[in-house]
Amino acid sequence: MDKTYQPEKIENQWYQTWEERGYFAPKGEGDPFCIMIPPPNVTGSLHMGHAFQHTLMDALIRHRRMKGDNTLWQVGSDHAGIATQMVVERNLANDEGKTRHDLGREGFLDKVWEWKEQSGGTITSQMRRLGTSVDWDHERFTMDDGFYKAVQEVFVQLHDEGLIYRGKRLVNWDPKLHTAISDLEVENVEENGHFWHFRYPLMNGQTTTEGKDYLVVATTRPETMLGDTAVAVNPEDERYQHLIGSSVRLPLVNREIPVVADEHADPTMGSGCVKITPAHDFNDYAVGQRQKLTLINILTPDAAIRETAEVFNADGTPNHEVDGSMPAAYAGLNRFDARERILADLEAEGLLHQTEKHTLKVPRGDRSGLIIEPLLTDQWFVATKPLAEPAIKAVENGDIRFVPEQYANMYFAWMREIQEWCISRQLWWGHRIPAWYDAEGNVYVGRNEAEVRDKYSLSADLSLEQDEDVLDTWFSSALWTFGTLGWPEDTERLRTFHPTSVLVTGFDIIFFWVARMIMMTLQFMKDEDGTPQVPFKDVYVTGLIRDEHGDKMSKSKGNVLDPMDMIDGISCEDLVAKRTANLMQPQLAEKIAKNTRKEFPEGIQPHGTDALRFTLAALASTGRDINWDMKRLEGYRNFCNKLWNAARYVLMNTEGEDCGVGSEPIELSLADRWILSRLQTCIEETNSHFDQYRFDRIAHTVYEFLWNEYCDWYLELSKPVLYDDNETPERKRGTRRTLVQVLETVLRLAHPLMPFITEEIWQRVAPLAGVSGETVMLQPYPEPNPDLKDAEAESDAEWVKGVVEAVRNIRGEMNISPAKALPVLCRNGQERDRKRLEANRTFLASLAKAESIEWLDGQEAPLSATQLVGDMEVLVPMANLIDKDEEIARLSKEVEKLDKEITRLDGKLSNDGFIQKAPEEVVEKERHKLQDARNHRERLDDQLEKIRAL
RNA sequence: AGGACCGUAGCUCAGUUGGUUAGAGCGCUGCCUUGACAUGGCAGAGGUCGGUGGUUCGAAUCCACUCGGUCCUACCA
């Protein structure tokens with residue numbers, strides 16, 4: 001073995017072997033255990049969040065696979081409608097200077113598929129690099145024919161049950177992407193703006209109670225006034241009672257619009273009058289529906305002012321009575337220019353009453369960044385309320401469990417206020433809506449045109465056009481758990497693996513994805529007796545990986561870390577180049593480059609996959625934010641090196657030797673029995689942490705055992721046995737056997753977190769431990785063996801460690817070289833101390849580097865430095881070695897500590913309440929502590945006196 | 001406005017149902033290249049657990065209030 005751990009030499013090769021040998025596929029027996037991968041964007045690349053979640057999923061899968069379950073980790077990717085279409089459109093513009101319209105729908109879709117072929121392999125090869133043991137043979141893509149079948153089936157069934165419908169509604173419209181988006185895809189950002197107060201003249205000589213001949217309305221969006229169809233006042237508002245039913249003249253347009261009474265108007269805000277623009281504001285739309293107001297759409301799909309407005313009745317049917325003509329001055333202006341012109345014109349007419357500054361929440365599209373426009377369009381919707389009800393119950397009654405459970409609150413809050421879901425998108429890339437129209441606009445829904453004709457008894461010569469729109473990507477990903485397993489076919493995989501076991505995902509997509517998956521699955525997946533199936537039993541919700549300052553990693557901030565760079569390393573300049581390439585705002589490049597050079601002057605060293613995975617697991621605590629820490633990564637890379645070198649030591653001392661797994665007799669030392677006992681605890685804890693999804697504790701438990709117990713103590717304790725010619729062959733065999741068996745077990749224990757290094761070492765260690773098999777991946781996961789628990793060995797070993805530490809402490813505090821052998825004296829102990837001393841002389845001599853260890857029976861001790869182990873004093877004679885003042889200082893420090901302790905315990909024990917009310921065992925424990933502390937104090941005092949007397 | 005989460009060592013974070021001397025990694029100080037490992041070993045320094053009040057024999061842990069930070073949902077004519 002190499003002297004240092006070099007991950008790049010082992011990782012790729014093992015992954016290839018595993019994949020070739022088919023280890024990742026379900027083995028077909030055992031309890032089913034299934035995880036559905038949250039499908040990454042097919043054209044994306046692996047980011048830290050993926051690396052994090054994939055690590056945890058892989059750990060779960062490998063754990064259960066080793067436990068003997070029939071495990072399936074279903075892999076696949078998502079077509080990511082808007083995101084992908086945007087990328088391809090941008091490439092098209094950059095490379096050929098063309099738009100998608102130049103190519104036409106078919107031509108453009110060919111381009112998208114081309115792009116998918118070209119870039120789709122990026123993320124899968126990165127996943128392989130990360131060691132993910134997914135079932136590649138059944139990889140799925142949401143645009144697969146089979147998956148499309150599932151999408152169509154769901155659409156048609158929901159439609160036929162009346163849960164999907166089409167209608168003219170106000171939706172969130174992205175004027176750049178030219179599509180509707182759901183309310184979840186809108187980000188409300190606080191921005192500076194204004195309130196503009198307008199005067200709308202009253203008609204027919206009416207006046208307000210104050211004698212004014214106009215009403216004042218305020219708006220943050222003046223341009224919408226062109227589409228106003230009413231002014232609302234509160235029905236309780238006395239100021240305006242007499243005006244309800246009268247009219248105002250809409251300025252600029254000169255349309256007569258009514259004053260209506262509606263609760264929406266808040267008498268305490270502004271003038272108490274509200275302009276109502278039902279076609280351009282969600283609240284006003286609701287007012288319009290209540291008051292049966294006309295809808296006047298003044299905007300084009302680009303959000304520019306129309307030449308002539310579109311007019312509809314409240315029910316969405318075209319209205320031919322109201323004149324839609326608009327002032328010519330604004331036609332074609334974009335909404336911002338139109339705003340300026342309208343303000344100027346109103347001011348010129350003396351109708352701009354007041355202007356005030358105001359901060360408001362501006363809705364922006366999460367993809368385009370543009371201000372979203374509420375726009376009246378024909379769209380498809382899912383009636384979510386009936387679907388939400390069982391979905392809420394499934395979590396309430398525990399069929400689905402959120403981990404950590406506080407995320408259930410988030411889920412409930414959203415589900416109980418759920419809005420209808422707009423599922424149509426005016427895009428080309430996606431699942432085309434299975435609906436057809438005749439020339440009169442009648443809608444027919446079916447799986448294909450032929451079925452539609454049959455279903456609706458349409459004549460063969462009736463010409464039908466399929467709906468141009470596609471479905472929201474989340475509509476298809478909502479079917480992920482069962483669509484990937486073959487539904488609507490009744491497949492073996494579906495029967496075996498659905499409901500799935502656990503979903504691992506981020507809290508940021510609970511609404512987008514988790515909630516919708518639950519709704520859809522309960523609706524479509526039923527047991528044979530008709531009971532709805534949940535998509536998964538547990539939802540393990542992860543935090544979000546942020547940079548070391550707690551900022552979200554983003555391209556525009558230039559703080560993105562690529563998991564592949566953690567693994568393979570990257571030079572400073574390459575990292576700068578990567579971070580500054582393809583920026584949306586190129587002016588940021590300089591700052592990003594500067595910060596990057598400052599933070600990573602040496603670039604990033606390679607750390608290997610196992611170190612990255614171990615770090616991610618160790619960071620996976622229950623918090624919502626997880627700050628990345630490069631130092632942690634280094635620490636766990638060192639841990640890998642530690643494991644590597646421990647294995648090197650074990651192999652050096654066992655290969656070619658009798659490791660006691662045959663028939664030769666063996667004898668176990670105290671150290672052997674101790675480490676085997678500790679190992680059982682480690683196994684117990686690891687398994688229990690796995691059951692609770694506490695990956696941080698798994699990592700900690702394994703780390704602690706391997707480094708602080710196995711390496712720091714056990715390997716050192718094995719040396720005196722192996723290196724001493726006087727030791728019996730039985731004892732040597734016992735030690736060798738323990739060395740290899742414990743290591744082999746730890747390798748299995750750690751394998752789910754660090755698959756590569758464990759496999760590499762296991763291959764060499766397993767035969768020595770008498771274990772055969774092709775791979776550690778398919779070995780049984782360790783289970784604790786109660787027979788190996790040995791309380792006596794543990795307490796004896798603690799005693800040995802105590803004596804060693806006592807001598808080391810004296811050494812350390814006195815600055816005595818570890819190379820210098822010291823004479824050690826013991827006295828005042830009990831019989832048990834003597835026995836322990838006699839039984840463990842060689843261990844003590846070796847670990848404490850003691851030249852001699854003598855028991856003092858009444859003889860006068862030479863002046864010494866002292867440490868206490870229980871009642872026993874451990875003395876190191878001072879002759880020439882130890883400085884008097886330093887020893888006084890050291891002992892005084894100890895005494896001070898003890899005094900504090902004594903005061904604290906004394907206070908506690910002289911409290912009657914404590915004595916009476918605390919459990920007897922707690923009181924007893926405290927009494928013991930006090931007794932011990934007093935004894936120690938006394939001994940140290942004696943010692944101090946002697947040294948001072950010198 | 002409603003809700004959630006966070007505040008523990010210089011930094012990043014653990015701390016399971018209230019009972020240890022409050023822990024880890026990194027950083028820091030001192031000694032050491034001893035035949036697995038300097039990506040290392042040994043020893044050590046460092047915290048009145050955001051604040052106040054309460055419940056309790058006992059609070060980092062439970063309750064109330066409060067300060068600071070993050071986020072989600074809703075609304076703002």
Side-chain angles (χ1 to χ4, degrees), chain A residues 1 3-5 188 195-197 217-221 231-232 264-266 269-277 281 283-284 358-361 404 406-407 409-410 413-414 417 507-508 510-511 543-544 548 550 605 607 611 615 618-619 621-632 634-653 688-689 692 694 696-697 700 703-704 708 711-712 715-716 719 723 805 808-819 849 897 900-901 904-905 908 911-919 921-923 925-926 929 933:
Chain A
M1 283 177 87
K3 191 176 170 185
T4 51
Y5 160 66
N188 292 303
F195 262 146
W196 287 281
H197 301 255
V217 294
T219 180
T220 55
R221 304 199 49 206
V231 168
H264 173 61
D266 180 348
M269 291 188 67
S271 65
C273 304
V274 193
K275 71 193 241 348
I276 302 298
T277 325
D281 180 281
N283 284 317
D284 293 4
H358 176 64
T359 56
L360 67 164
K361 288 274 179 79
Q406 69 254 21
Y407 289 108
N409 293 333
M410 202 167 160
W414 189 70
E417 303 277 313
F507 69 87
D508 51 331
I510 287 178
F511 308 145
L544 228 59
E548 26 247 85
Q605 294 303 307
H607 294 85
T615 308
L619 291 174
S621 53
T622 57
R624 208 190 41 185
D625 298 315
I626 294 163
N627 292 359
W628 179 252
D629 185 353
M630 225 47 183
K631 295 289 188 188
R632 273 313 265 275
E634 267 171 50
Y636 292 124
R637 193 266 322 265
N638 296 352
F639 175 63
C640 291
N641 186 58
K642 191 74 180 175
L643 170 57
W644 184 261
N645 276 288
R648 227 159 67 85
Y649 168 79
V650 171
L651 291 171
M652 283 167 67
N653 287 287
S688 125
H689 294 148
Q692 292 164 46
R694 287 305 300 264
D696 56 335
R697 293 185 185 174
H700 187 252
Y703 184 101
E704 182 78 17
N708 301 119
C711 290
D712 285 352
L715 294 191
E716 295 307 319
K719 288 174 186 175
Y723 295 163
E805 278 167 346
R808 282 176 178 173
N809 176 270
I810 291 169
R811 226 184 249 286
E813 299 270 305
M814 298 294 143
N815 286 342
I816 300 169
S817 158
K849 185 91 181 165
K897 262 192 200 167
K900 263 199 215 162
E901 175 84 349
R904 196 181 60 84
L905 290 166
K908 211 169 179 179
N911 180 343
D912 280 348
F914 177 69
I915 304 290
Q916 281 162 23
K917 295 190 181 171
E921 92 189 21
V922 174
V923 177
K925 211 165 133 192
E926 298 295 299
K929 279 197 262 178

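Only a predicted model underlies this, so the values are computations on that prediction, with no experimental measurement involved. Order of the sequence lines sets the chain letters (A, B, ...), proteins ahead of strands, with each chain counted from 1.
- Ranking B/U39, B/A36, B/A43 by closeness to the A/Asn645 side chain, first place goes to B/A36.
- OP1 and OP2 of B/G30 both lie 4.0 Å or more from every side-chain N or O belonging to A/Arg811.
- Comparing the C1' positions of B/C42 and B/U34 gives an interatomic distance of 12 Å, to the nearest angstrom.
- A distance of about 15 Å separates the C1' atoms of B/A60 and B/C13, rounded to the whole Å.
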Does the pair A/Glu716 and A/Lys719 meet the rule for a salt bridge (charged side-chain N to carboxylate O under 4.0 Å, His left out), with working shown? CA-CA 5 Å; A/Glu716 295 307 319; A/Lys719 288 174 186 175; 3.1 Å; yes

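- B/A38 is unpaired under the Watson-Crick or G-U wobble criterion, no partner having all donor-acceptor distances under 3.5 Å.
- Among the nucleotides B/C26, B/C13, B/C42, the one closest to the side chain of A/Ser621 is B/C13.
- To the nearest whole angstrom, the two C1' atoms, one in B/U73 and one in B/G10, are 38 Å apart.
- Across all strands shown, A/Ala918 has heavy atoms under 4.0 Å from base atoms, whether or not it also approaches the sugar-phosphate.
- Nucleotides B/C62 and B/U70 place their C1' atoms 25 Å apart, quoted to the nearest Å.
- Rounded to a whole Å, the OH atom of A/Tyr636 is 6 Å from the C1' atom of B/G25.
- Relative orientation of the A/Phe511 and A/Trp414 rings is parallel, given thresholds of 30° and 60° on the angle between their planes.
- One N or O on the side chain of A/Arg811 and one on the backbone of A/Ser817 form a donor-acceptor pair closer than 3.5 Å.
- Taking atom CE of A/Met410 as the reference point, atom P of B/G2 lies 19 Å away to the nearest angstrom.
- When rounded to the nearest whole Å, the span between CZ of A/Phe914 and C1' of B/G19 equals 7 Å.
- Here A/Thr220 lies in heavy-atom contact (under 4.0 Å) with sugar-phosphate atoms only.
- Under the Watson-Crick or G-U wobble criterion, with both distances below 3.5 Å, B/A60 is left unpaired in every strand shown.
- Comparing B/A4, B/U73, B/U12 by their nearest atom to the side chain of A/Gln406 picks out B/A4.
- A close approach under 4.0 Å does occur between a side-chain nitrogen or oxygen of A/Arg697 and OP1 or OP2 of B/G15.
- A/Tyr407 comes within 4.0 angstrom of no nucleic acid atom, judged by non-hydrogen atoms across all strands.
- Nearer the 5' end of RNA chain B, as judged by each residue's closest nucleotide, is the contact made by A/His689, out of A/Val274 and A/His689.
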Where do A/Asp696 and A/Arg694 land on the salt bridge (charged side-chain N to carboxylate O under 4.0 Å, His left out) test, with the steps shown first? CA-CA 5 Å; A/Asp696 56 335; A/Arg694 287 305 300 264; 2.8 Å; yes

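- The base of B/U16 lies outside donor-acceptor range of the side chain of A/Arg694, with no N or O pair under 3.5 Å.
- Atom-to-atom, CG of A/Asp696 to C1' of B/C13 comes out at 9 Å; the value is rounded to the nearest Å.
- Phosphate contact (OP1/OP2 of B/A36, side-chain N/O of A/Asn653, threshold under 4.0 Å): absent.
- Side-chain nitrogen and oxygen atoms of A/Asn911 include none within less than 4.0 Å of the OP1 or OP2 phosphate oxygen of B/G58.
- For the pair A/Asp912 and A/Leu715, nearest-nucleotide mapping onto RNA chain B gives the more 5' position to A/Leu715.
- Look at A/Lys361 and you won't find any side-chain N or O under 4.0 angstrom from OP1 or OP2 of B/U73.
- Between B/A9 and B/U61, the two P atoms lie 15 Å apart (nearest whole Å).
- Distance check on atom C1': B/G41 versus B/C49 gives 32 Å, rounded to whole Å.
- Among the nucleotides B/G41, B/G19, B/A36, the one closest to any side-chain atom of A/Asp712 is B/G41.
- Remark: the separation of the P atoms in B/C75 and B/U8 is 35 Å, to the nearest Å.
- Rounded to an integer number of Å, the gap from CZ of A/Arg624 to P of B/A14 is 13 Å.
- Taking every side-chain heavy atom of A/Lys631 into account, B/C26 is the closest of B/C37, B/C26, B/U12.
- Between B/U39 and A/Thr4, no contact under 4.0 Å exists linking OP1 or OP2 to a side-chain N or O.
- Among the protein residues, A/Cys640 comes within range of no part of the nucleic acid, since none of its heavy atoms lies under 4.0 Å from any strand.
- Under the 4.5 Å side-chain criterion, counting only non-hydrogen atoms from C-beta, A/Asn627 is not in contact with A/Glu548.
- Contact annotation: A/Asn627 side-chain N/O to B/C13 OP1/OP2 distance is under 4.0 Å.
- A/Lys642 has a side-chain polar atom (N or O) that falls below the 4.0 Å cut-off from OP1 or OP2 of B/G41.
- In this structure, the CH2 atom of A/Trp644 is 12 Å from the C1' atom of B/A36, given to the nearest Å.
- At a threshold of 4.5 Å between non-hydrogen side-chain atoms, the residues A/Leu619 and A/Arg632 count as touching.
- The partner of B/C65 is B/G51, by the rule that a Watson-Crick or G-U pair needs both atom distances under 3.5 Å.
- Of the nucleotides present, none pairs with B/C75 by Watson-Crick or G-U wobble criteria with both distances under 3.5 Å.
- The A/Lys3 side chain lies nearest to B/C37 when the options are B/G19, B/C37, B/U12.
- Of all nucleotides listed (B/C37, B/U34, B/A14), B/U34 comes nearest to the side chain of A/Pro818.
- Residues A/Thr4 and A/Asn641 form a side-chain contact, since some pair of their non-hydrogen atoms from C-beta on lies under 4.5 Å apart.
- When heavy atoms are screened at a 4.0 angstrom cut-off, A/Ala413 is found touching no nucleic acid atom at all.
- Residue A/Lys900 is out of contact with every strand shown, counting any heavy-atom pair closer than 4.0 Å.
- The shortest side-chain heavy-atom distance between A/Val274 and A/Met269 does not fall under the 4.5 Å cut-off.
- Across the P atoms, B/G23 and B/A36 are found 32 Å apart, a figure rounded to whole Å.
- With a cut-off of 3.5 Å on both Watson-Crick or G-U wobble distances, the partner of B/C13 is given as B/G23.
- In this structure, A/Lys908 places its NZ atom 6 Å from C1' of B/G58, rounding to the nearest Å.
- Across every strand in view, B/A43 sits in a pair with B/U29 that passes the Watson-Crick or G-U test at under 3.5 angstrom.
- Within the nucleic acid shown, A/Tyr723 comes within 4.0 Å of at least one base atom, counting heavy atoms only.
- A donor and an acceptor atom never sit less than 3.5 Å apart when one is taken from the side chain of A/Arg904 and the other from the base of B/U21.
- At a threshold of 4.5 Å between non-hydrogen side-chain atoms, the residues A/Phe195 and A/Thr219 do not count as touching.
- Taking every side-chain heavy atom of A/Glu813 into account, B/A43 is the closest of B/G25, B/C37, B/A43.
- Residues A/Glu634 and A/Arg637 form a side-chain contact, since some pair of their non-hydrogen atoms from C-beta on lies under 4.5 Å apart.
- In terms of phosphate contacts, A/Lys929 brings a side-chain nitrogen or oxygen within less than 4.0 Å of OP1 or OP2 of B/U21.
- At a threshold of 4.0 angstrom between heavy atoms, the contacts of A/Glu716 include nucleobase atoms, whether or not backbone atoms are also involved.
- Distance NZ (A/Lys849) to P (B/G35): 10 Å, rounded to an integer number of Å.
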